[in-house]
Amino acid sequence: MSRIAPPAAAMVPVHGEPPADWWDNTGFGMKDIDDAVALFMHDVPAALAAEESRRGREHTEKALVEP
């Protein structure tokens with residue numbers, strides 16, 4: 001049994017905050033969802049993000065449409 005707790009990012013609304021308001025209140029609603037760097041690599045050094053973008057593969061919908 002591991003004694004190391006994995007990091008977790010809780011997305012808990014502020015007390016009294018309607019769940020639908022979370023996107024705008026966190027600033028996520030302002031993100032360009034087509035910009036992988038802004039969404040997933042915003043805290044990665046620019047050179048590393050550029051390298052990943054160069055080597056990365058496109059997302060496939062295969063898992064969502066095939067049994």
Side-chain angles (χ1 to χ4, degrees):
M1 180 173 179
S2 175
R3 294 185 182 268
I4 299 173
M11 293 186 273
V12 180
V14 174
H15 182 72
E17 176 184 32
D21 291 350
W22 182 85
W23 303 104
D24 288 328
N25 293 345
T26 60
F28 187 84
M30 306 264 203
K31 297 287 184 187
D32 178 1
I33 62 170
D34 294 324
D35 183 357
V37 174
L39 286 175
F40 305 111
M41 297 180 281
H42 54 86
D43 54 354
V44 173
L48 183 59
E51 179 69 12
E52 190 285 327
S53 295
R54 187 179 68 78
R55 292 182 179 221
R57 293 182 285 178
E58 290 296 316
H59 175 72
T60 179
E61 299 295 324
K62 182 178 179 179
L64 299 175
V65 296
E66 292 185 5

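Since we're looking at a predicted model, the values are computed, not measured.
Taking the salt bridge (Lys or Arg N to Asp or Glu O under 4.0 Å) definition, one finds that E51 meets it with R54, R55, sequence neighbours left out. Among residues two or more places apart in sequence or in another chain, the side chain to side chain donor-acceptor pair (under 3.5 Å) test is passed with D35 by none.
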Practice item. Please lay out, stage by stage, how N25 and E17 fare under the test side-chain contact (heavy atoms from CB on, under 4.5 Å). Key: CA-CA 9 Å; N25 293 345; E17 176 184 32; 2.5 Å; yes

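What you find for S53 and M41 is that their closest heavy atoms are OG-CE, 4.0 Å.
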